[in-house]
Each structure stands twice: as structure tokens, then as C-alpha cells.
Amino acid sequence: MTQTPTAPNGTPGEARAHFAVPAKHPMVTVLGSGDSLLRVIEHAFPDVDIHVRGNEVSAVGDAREVALIQRLFDEMMLVLRTGQPMTEDAVERSIAMLKATENGEGAEETPAEVLTQNILSSRGRTIRPKTLNQKRYVDAIDKHTIVFGIGPAGTGKTYLAMAKAVQALQSKQVTRIILTRPAVEAGERLGFLPGTLYEKIDPYLRPLYDALHDMLDPDSIPKLMANGTIEVAPLAYMRGRSQPVFTNVLTPDGWRPIGSLEVGDLVIGSNGEPTPVLGVYPQGERDIYRVSAQDGSWTLCCGEHLWTVRTRDDARRNKPWRVLETQDMIGNLRAAHARRYELPLLTAPVAMPEREVPMDPYALGLLLGDGCLTGSTTPTFSTEDPELAKELEAVLPGVSVRAKGGPDYVLNRVSAPGDVITLENPVTRVLRQLDLLGTRSHSKFVPDDYLQNTAEVRLAVLQGLLDSDGGPVTQKDRTCRIQYSTASIALRDDVIALVQSLGGVAYTRRRAAEGRPQGTALGKHRHDSHVVDIRLPEGIEPFRLARKRDAYHAAGGGGRPMRFIDSIEPAGREETVCIQVAAEDSLYVTQDYLLTHNTLNDAFIILDEAQNTNPEQMKMFLTRLGFDSKIVITGDITQVDLPGGVKSGLRQVRDILDGVPDVHFSTLTSQDVVRHRLVGRIVDAYEKYDSANEQRTGRNGK
């Protein structure tokens, strides 16, 4: 859009400006259907004459207001360029933001920045903040561990928090979403209501369900709730059942939270085989500790928790493993400079049910390592080892691997008589099916159907990755370790999971892209490299490529993988739960494939309608925060439904936590109401009435 301000027309303080709208933007998108957007602007600036002729808009009036209109049209065009339509509501909010900035009350954010910040896209609909305060609320959720969203109904507090939770789950920032709200309308005495548990709590949790259905495929929600990935429950049921330690426990069907386990459920034992749960025992609130191993794995447990460990002397003298309490090891973790306590590892790869996969797992590993999967061209594979190209062709039916020149090979579809030329390349079709088409070096990952499959499938994927992007590292007088590098954080984590599921250990470190040497043909590194050092158990063959396999065995193999306790640190107080399993050694697989008990997994927790919690409930809820978790608490302090004389925990908590690092309070007002415009006016009217009533009460001394 071009702007042509002209000199004043003889009237002090008067200015004229012309705006030319580019032809690619129809005027109806700028002015609105029936000039509805233009009328909003004219109503906001009644002293400015605005005229439209063709694709030109002119404004004559007060210089400051004309300048604001110029900025408004600039912001509108920025929004329209993103493909997002302007609405009357968006124009009104843009004008309000610009006027606030003009009066020195605004901020750095522009209307276009607020209106084009996408949070989540689902089924053709994009969720984004609509006001400045909503944008600041969303930004605070990204930056802080605990965020309070306080404001009247209709300001999007819960809806935006839910969108951020789903976004975090989809991007694997968290592994669990927990949604809760107090059911004070029934006095939390839900047992007296007819029907099943879910029928009883449904009326109180319906807004949360509705938001979930807006953001996720409705068919996927029951599955996510069944496996514990999403949990929705009233606060009354979280005290004893849903706020224990949310441990990720490995079962034959994948990971499940410990709180969802029942007697008779199967978990994976130290031998990699399923073992039944014999008992589930809530332990109440206890002091807990973070126990970390030297490879970066960690878990939480109480001070009395039992650990199976052994020292170097125990191993040298062939003594049996000993059992110690956590508190017995604190302050005694080192023997000279060496770590004292070794932890047990899986004695065999984890046994998981076989899943059907659309591509040979070894071929998938090779393509994830050295394949070009962008989808912009026919899939290619780069290697200096012709042996890998031949193997790739052997395991990809209907595909020929043709040398292109140098290390590059093209994966062409093998055409048959009568084939249609437009048939899709088989590799491209499978990559699309696995959601890998379009991934690049920094965004590749191993699909879940391969991660949670038989040991043979998992090992084949790992072998393909190591044959392409890994290799043996030999050192004099030391056993050989395996090293793998990738630019993808997700692929790094998937490789670690594959290694650990086979009974190995993996250490990771990051090599920054900046300043790292690179071949001249490739230019500068764009992404950091994540290096994984791997040790696998004896009998697990890491390579199929002859030269790497021979070098690995010539160096004596990889040596025995080991894990040692590195640190034990206080981690507050928590409700804990213990499970008993039928395994002879009482061990089962938990987070990071540790053989231990009780841990909090990372979760995104939303407490809705928090104004209806009492102070004790609020404290209980906040102290359940675990490592790598995030809490968003929403509520309206003007709509407390608690019985008379009971103080709202939401009203009190600001006085207690205001100023505490990593805790943020976001306040939304009637100006942030995104429902019907009348809702905002109703909120303002009630606030005005309450304020006047308080003043009258104060004057009368009542």
C-alpha cells in the first residue's frame, strides 16, 4: 500500500493522506462486505473524512488521527498478506491498540503481530490470540513454568491454555496433558449423583472436552485418554488418585503412567518380558529426591525407596547385588573419584508385540541417515559404500537404486508394462504414509510403529542409522564404542530410545554449528550436531556394513554398558505410589529405561475455574509440580462459588507468589472478551456496579 500525505489545507493541524490498495487485494477484503470495516473505522474517527474511489482511500482531518488511520491500513494489509481475513472485531481491536500506543499506554507489539501469531491449526482452523493481553498470556506460557490467567468469562483463558497444551504434546515437549477443575456445584460430593464416574463428572468438565474436540481429531481423543496421554478429572479425584507421581512405566503396548495401572496389568520387567502388577499402594505425601545417572537418565523417589545396586568391589568379588534405601546412599556416592553405585540394566531387549510396517526397517534406517526425503525431487541416497546401495535395492520392492554420480543414488520406481506414468514412487508413498515426506536433516525422526516393535525391527532400524551416519570409534587400550551424529533432536532421542530398549546405554553431547569446520562444497553448518556415544550389550550386532562390522569386532567389541548413580538431590514433597510386580527381582522398566520405582513424568497441567479452590487445595495442587512440567491456572475472581466463609485460593495465591521467579500472573479484562460484544459490556456494567457498591459500603461504615 502506498501512502501520500499532503500539506495542510489551510486548517491548523489538518492533514490529508492517500492510500493505494494493491490490485491483488480486492477492496472488499479491505473495506469489508457492504463497507462494514470502513464503517468501523469511520465510527472510531468521526472527525476524519474518509473517501474511497476505486482502489484508493483518502483521509482528511486531524493530523494525529490521519496518521493513526495510515498505521491502521498498514497493519490491516500486513494481516491480509498472511491470508487471514480482517473482521470488524479485529479492526476494532487494532484501533484500540494503536490509540493506546499513541497515548503512551501501548507496548512493542503491533496489531499485526498480535493477530497473526498462530498457536495451533486443526482441521482447517487456526487458533491464535485476538488481543494484546491474550498474546502476552500466550507468550508467558512459553516463558514460565507456572502461569495464572485471571479474567472474566469469555476472555479465552482456558481455550488458549488448552491450545498451548495440545501444541506442547504434538511437539513432544510433554508426554501428558492433565485437565482439571473443582466441581463445587455439587459440593464435590459426586458419589451421590446417579450414573458412572464419567457420567457424574461430565457436566463439570464439558467445557474442557469441547475445547479438546476443537483442537484434536475426535476419533483420537478416546485413545489418548485410554492410554493416559490426556487425563480429565475434577480436582476432588486428583487428591488421592490423579496427583500421585505420574510415572512412565513400560508395558507391552507402550508407555503408561503409573497412576493408571491396576492389579493384573502387565509391565516390562528387567528381563524385557511382561510381568503382572500384583498391588498398587498409595504412600501419601513424602519427601522426594531426584536420582540421576551419569548418562543423563533420572527419576524421582522417596527417601525410603529401595534400589538394587552394587559397588565395583561387589562386581570384582562376584558378590550379589545389594538393596539400599535412597537416603542411605546420600553423601556416599563416590569412592575416591569413581562413582560408587552401579545400577542394573535390562538383561535382554524389551519384548514388544509385532507391528506391521510399510517399509523394511533397515532401509528406513539408511534413508533416515543418508536419504533425501524432502519430496521436492525423487528420493535419493548418498553413500561412499556401494554395498549399502545394493542392500537398499534388495529390501525395497519395486525400486531400483541407480547411481547418479559420485556418492549419489536415485531411488526410481521400477515400471512394468501397462503402468501409468503418473504412478507415485513407492518410497515417496511410504514416506508420506509415515509423515516423513518433507523432513530434512534437522527434523527427521523414527515413527512410533518402528520404535514400539519387536527387538528385531528396532535393531534393524538402528543398524541402518549406524551404517549410514554412525561408526566404531577405536582407542588404544580401550574397548570400542559406537558413535552416531545427527542434526535432528527428535532423531537423537529416538536413537537413544532404541539403544536403551536393547539393553544399552547412550551418552549425548552437542556440537555447535558456529565455528565447526565444514567441507567447502557444503558451505556452513546450519544446525547444531548431536553426537551420541553408544555401548550395546554383547550379542547385539550394531553394524551390517562389512567394513564397520569388521573394525568393531577387531577392536574387541563395545565392552559392557554400565550405569552409575551420579547424584541424589532433594526435590520437595509429593504424594507417592508404589506398585508390586510379580518379577523375582521386583524391578520393572520406567523412565529412560531405568529399573526403578516412582517418578514424575513431564506434563502440561491446566487447572480451570481455580477461583473455586480453597487455599489448601491451591497449595496441594501447586506442590504437585514435577520436573519438566508446566502448569496453567485459570479463573475469574469475581465469580466465586465457594460456600460462605470459605476464602478463594486464587484470590490468596497472588499475595503469596507475586514476585516468585518463574511464576507469572496474566490479567485479562473486558477488553479481551472474544465472545459476543455484549458480554464485554455486561462485564463492565457489573464491575461498575460492584465498584459503586463498595464505595457506598465504605462510606456507611458497613
Side-chain angles (χ1 to χ4, degrees), residues 119 129 133-151 155-169 171-182 208 211 230-235 238-239 242-246 257 259 285 287-288 290 300 569-575 599-637 640 647-668 672:
I119 301 174
N133 283 337
Q134 284 189 349
K135 180 182 185 300
R136 291 174 174 173
Y137 173 51
V138 169
D139 291 343
I141 293 175
D142 286 330
K143 297 175 183 177
H144 300 276
T145 300
I146 298 178
V147 174
F148 290 83
I150 302 174
T155 52
K157 306 180 300 295
T158 304
Y159 199 79
L160 291 174
M162 186 78 76
K164 293 299 295 182
V166 173
Q167 180 193 52
L169 181 68
S171 61
K172 297 187 178 181
Q173 298 175 37
V174 300
T175 60
R176 184 179 177 85
I177 296 176
I178 301 170
L179 311 171
T180 183
R181 66 190 305 184
L208 302 180
I230 296 178
E231 181 172 347
V232 185
L235 191 61
M238 292 188 68
R239 293 196 192 105
S242 296
Q243 276 308 143
V245 179
F246 295 132
E285 186 176 270
D287 290 325
I288 60 172
R290 176 170 175 148
L300 299 176
E569 302 169 336
R573 289 182 63 82
E574 286 289 350
E575 293 285 333
T599 183
L600 264 168
N601 72 323
D602 46 349
F604 196 115
I605 309 166
I606 299 175
L607 171 59
D608 190 32
E609 299 289 344
Q611 74 274 7
N612 293 325
T613 60
N614 59 42
E616 291 75 21
Q617 288 174 322
M618 180 62 74
K619 179 181 178 181
M620 176 274 295
F621 178 78
L622 290 172
T623 54
R624 296 304 181 268
L625 174 67
F627 289 101
D628 300 319
S629 292
K630 189 178 289 287
I631 287 179
V632 179
I633 300 167
T634 67
D636 179 3
I637 56 177
V640 178
K647 190 172 183 178
S648 168
L650 184 61
R651 287 180 173 175
Q652 182 194 66
V653 73
R654 186 159 197 164
D655 296 332
I656 298 173
L657 297 183
D658 196 18
V660 174
D662 213 16
V663 176
H664 180 83
F665 290 85
S666 289
T667 302
L668 296 102
D672 302 299

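- Between Q167 and I141, every side-chain heavy-atom pair lies at or beyond the 4.5 Å cut-off.
- Between N133 and S666 there is no side-chain heavy-atom pair separated by less than 4.5 Å.
- The heavy-atom pair separating K630 from D142 by the smallest distance is NZ-O, 4.0 Å.
- Nearest heavy-atom pair, A211 versus Y159, reported as atom, atom and distance to 0.1 Å: CB-CD1, 4.1 Å.
- Expressed to the nearest 0.5 Å, how far CD1 of I606 lies from CG of L179 amounts to 5.0 Å.
- Between P182 and L607, some side-chain heavy-atom pair lies under the 4.5 Å cut-off.
- Here I631 contributes atom CD1 and T145 contributes atom OG1; the two are 9.0 Å apart, rounded to the nearest 0.5 Å.
- Here I637 pairs with I150, L650, R651 under the side chain to side chain contact (heavy atoms under 4.5 Å, CB included) rule; sequence neighbours left out.
- Looking only at side-chain heavy atoms (C-beta outward), H664 and K143 stay at 4.5 Å or farther from each other.
- Between V640 and N612 there is a side-chain heavy-atom pair separated by less than 4.5 Å.
- Nearest heavy atoms, A163 versus I119: CB-CG2, 3.9 Å.
- Partners of S648 by side chain to side chain donor-acceptor pair (under 3.5 Å), not counting sequence neighbours: none found.
- Distance alone, capped at 3.5 Å, places no donor-acceptor pair between the E609 side chain and the R181 backbone.
- Judged by distance alone, the side chain of Q611 and the main-chain N or O of G635 form no donor-acceptor pair under 3.5 Å.
- Side-chain contact between F604 and V632: present, with at least one pair of heavy atoms (C-beta onward) separated by less than 4.5 Å.
- We find that K157 and D608 are not joined by a salt bridge, their nearest charged nitrogen and carboxylate oxygen being 4.0 Å or further apart.
- Using a 4.5 Å heavy-atom cutoff, the side chains of L160 and Q134 are in contact.
- You'll find the side chain of D658 stays beyond 4.5 Å of the side chain of F148, heavy atoms only.
- The CD1 atom of I633 sits 5.0 Å away from the CE atom of M618 when rounded to the nearest 0.5 Å.
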